[in-house]
Every structure is written in structure tokens, then in C-alpha cells.
Amino acid sequence: MKKLILSLLIGGLMMTGLSAKTAFVYFSATGTTERMAKNAAEAMEADIFEIQPVHKYTKEDLNWHDKKSLTTIECNDPKCRPEIANKIDISAYDTVVLCYPIWWSYAPKIVYTFVESQNWSDKKLITLCTSGGSGLGRSGSELTKFAKGVDFKGGKDFTRGSGADIKKYIEGLAK
């Protein structure tokens with residue numbers, strides 16, 4: 001009888017997807033992407049981690065009208081990899097949902113720093129972005145060039161949309 005109950009419990013966990021662990025990892029300089037990522041992670045009951053830069057971006061750093069602003073300089077340097085202040089370990093997760101703003105049609109360079117620091121073998125990657133107008137573009141597929149061995153499932157701009165909308169989208173990709 002105990003074996004039957006244990007089997008039913010394990011089967012139930014597997015059917016609800018709890019055996020596959022999902023982590024949301026996000027970078028946000030203004031709070032917009034942070035809100036999106038937290039709402040989605042809460043809706044999915046997933047763990048969440050923030051990519052924290054060593055250098056916190058100021059309003060001046062984010063001024064895309066200024067050709068000498070830090071983000072403009074970073075975006076124009078393909079080798080730029082800003083340093084991350086915290087360590088994020090994704091080894092216990094099957095799926096990583098990477099959330100970031102779009103800067104000059106790409107993910108911020110610190111997101112590349114994160115991607116290059118991880119072992120992506122046997123992991124699924126979904127990218128979600130917030131954008132002032134350019135949308136996801138090729139940012140997700142561009143990041144996968146630096147995530148060796150990852151199974152890229154796709155991505156989408158979720159500047160507008162609820163955590164429930166994101167959950168539905170991600171569950172659709174997992175089928």
C-alpha cells in the first residue's frame with residue numbers, strides 16, 4: 001500500500017511539471033524588466049535570480065541619446081562584458097527563462113556575461129524582453145551563440161502582459 005501511495009505521489013508530481021525546475025534570471029536597470037520577471041516567476045511558482053552589475057547604471061549611463069554614455073559605449077563594443085557582482089548557479093534547473101531589456105536591438109552586454117558564465121548542457125532557454133519599441137528581434141538567438149549546448153525554445157517581448165500571459169506562453173513552448 002505504501003508503494004502504491006508513493007508511486008501515485010511521484011506520478012502526480014511529474015504530471016504537474018514539478019519535477020522539471022524552472023528559474024527566472026533577469027537584469028533590469030530601471031525596474032521595468034524586474035516587474036515583468038517577478039510577476040511571471042510568481043505566476044509559475046518558479047525561483048528567481050537577479051543579475052546584479054558591479055557598476056550600478058545611473059540615469060546618465062542609460063542616456064541612449066549620448067554617444068558617450070556607458071550603455072552606448074558597451075553596446076558598440078562586441079567584446080564588452082560588464083562584471084557581475086553576484087554569483088548565480090543554474091545547475092539545478094532544467095529551464096532558464098532569461099529576462100532583459102532591449103538596448104540598441106540587443107540584450108545588454110551584462111546578460112552576455114551571465115550567459116557565458118554558465119554551463120548550458122541539457123538546459124532549455126527561453127528569452128523574454130521589455131522594449132521601448134524594437135521588440136525582441138534576434139536578441140534571444142544571438143545569446144544562444146554564447147550558450148553552448150543550450151536548447152533554445154524561443155522568446156518574446158513582454159513589455160505589456162501579465163504573469164499569467166507569460167506562464168501560458170512558456171507552457172506552450174514546453175509542449
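The environment of Lys56 atom NZ is dense: over 12 non-hydrogen atoms of other residues, nucleotides or ligands sit within 6.0 angstrom. Residue Lys109 qualifies as enclosed at atom NZ: its count of foreign heavy atoms under 6.0 Å is above 12. Other residues, nucleotides and ligands contribute more than 12 heavy atoms inside 6.0 Å of the CD atom of Gln52.
Using a 4.5 Å cut-off on side-chain heavy atoms (C-beta onward), Ser28 and Pro101 make no contact. Side chains of Val115 and Trp120 form a contact here, defined as non-hydrogen atoms less than 4.5 Å apart. Counting heavy atoms from C-beta outward, Leu62 and Trp103 have side chains that approach closer than 4.5 Å.
A donor-acceptor pair under 3.5 Å is absent between the side-chain atoms of Thr144 and the main chain of Ala147, judged by distance alone. Thr113 contributes a side-chain N or O that, together with a main-chain N or O of Pro82, makes up a donor-acceptor pair within less than 3.5 Å.
Transitive grouping of hydrophobic side chains (ILVMFWY, heavy atoms separated by less than 4.5 Å) brings Ile110 and Ile90 into a common cluster. In the hydrophobic clustering of this structure, Tyr57 groups with Val111; members are Ile, Leu, Val, Met, Phe, Trp, Tyr whose side-chain heavy atoms approach within less than 4.5 Å, directly or through other members. Linking Ile, Leu, Val, Met, Phe, Trp and Tyr whenever their side-chain heavy atoms come within less than 4.5 Å puts Tyr106 and Leu98 in one cluster. Hydrophobic clustering of Ile, Leu, Val, Met, Phe, Trp and Tyr side chains at less than 4.5 Å, counting indirect connections, unites Ile126 with Phe24. In terms of hydrophobic clustering, with Ile, Leu, Val, Met, Phe, Trp and Tyr side chains grouped at heavy-atom distances under 4.5 Å, Tyr26 and Leu136 are assigned to different clusters.
Inspection of the Ser139 and Tyr100 side chains reveals an N or O donor paired with an N or O acceptor under 3.5 Å.
Contacts of Asn63 classified as side chain to side chain donor-acceptor pair (under 3.5 Å), with partners at least two apart in sequence or in another chain: none. With sequence neighbours left out, the side-chain contact (heavy atoms from CB on, under 4.5 Å) criterion links Trp104 to Trp64, Thr71, Thr72, Cys75.
Between the CE atom of Met44 and the CD1 atom of Ile166 there is a distance of 10.0 Å, given to the nearest 0.5 Å. Here Thr22 contributes atom OG1 and Ile48 contributes atom CD1; the two are 12.5 Å apart, rounded to the nearest 0.5 Å. With values rounded to the nearest 0.5 angstrom, Cys80 atom SG is found 9.5 Å from Ile73 atom CD1. One finds the CG atom of Leu125 at 11.0 Å from the CG atom of Leu173 (value rounded to the nearest 0.5 Å). Note: Leu70 CG to Thr58 OG1 = 7.5 Å, rounded to the nearest 0.5 Å. Expressed to the nearest 0.5 Å, how far CG of Leu128 lies from SG of Cys99 amounts to 4.5 Å.
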Exercise for the section: Go through the steps for Asp61 and Lys59 under the test salt bridge (charged side-chain N to carboxylate O under 4.0 Å, His left out), then give the verdict. Expected result: CA-CA 5 Å; Asp61 292 334; Lys59 187 176 181 178; over 6 Å; no

Practice task
Report the C-alpha separation of Lys21 and Thr95 in whole Å, then their side-chain angles, then the decisive distance to 0.1 Å, and conclude whether the side-chain contact (heavy atoms from CB on, under 4.5 Å) test is met.
Solution key: CA-CA 6 Å; Lys21 289 186 67 175; Thr95 301; over 6 Å; no

Practice task
Test side-chain contact (heavy atoms from CB on, under 4.5 Å) on Val25 and Ile88 and set out the steps.
Solution key: CA-CA 9 Å; Val25 178; Ile88 299 171; 4.1 Å; yes

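The list of salt bridge (charged side-chain N to carboxylate O under 4.0 Å, His left out) pairs with a residue in residues 130-145, not counting sequence neighbours, reads Glu142-Lys145. Annotation: salt bridge (charged side-chain N to carboxylate O under 4.0 Å, His left out) contacts involving residues 112-123, sequence neighbours excluded, comprise Arg81-Glu116. The stretch residues 25-35 participates, sequence neighbours left out, in these salt bridge (charged side-chain N to carboxylate O under 4.0 Å, His left out) pairs: Glu34-Lys38. Listed by first and then second residue, the ring-ring contact (aromatic ring centres under 6.0 Å, His included) pairs involving residues 139-174 are Tyr112-Phe146, Phe158-Tyr169 (not counting sequence neighbours).
Using a 4.0 Å cut-off between a side-chain N of Lys or Arg and a carboxylate O of Asp or Glu, Lys167 and Asp165 do not qualify as a salt bridge.
For the side-chain hydrogen bond (donor to acceptor under 3.5 Å, both in side chains) with Thr130, the lone residue among Thr30, Thr159, Thr32, Thr33 that qualifies is Thr33.
Gly135 approaches Cys129 most closely through the heavy-atom pair C-SG, 4.0 Å.
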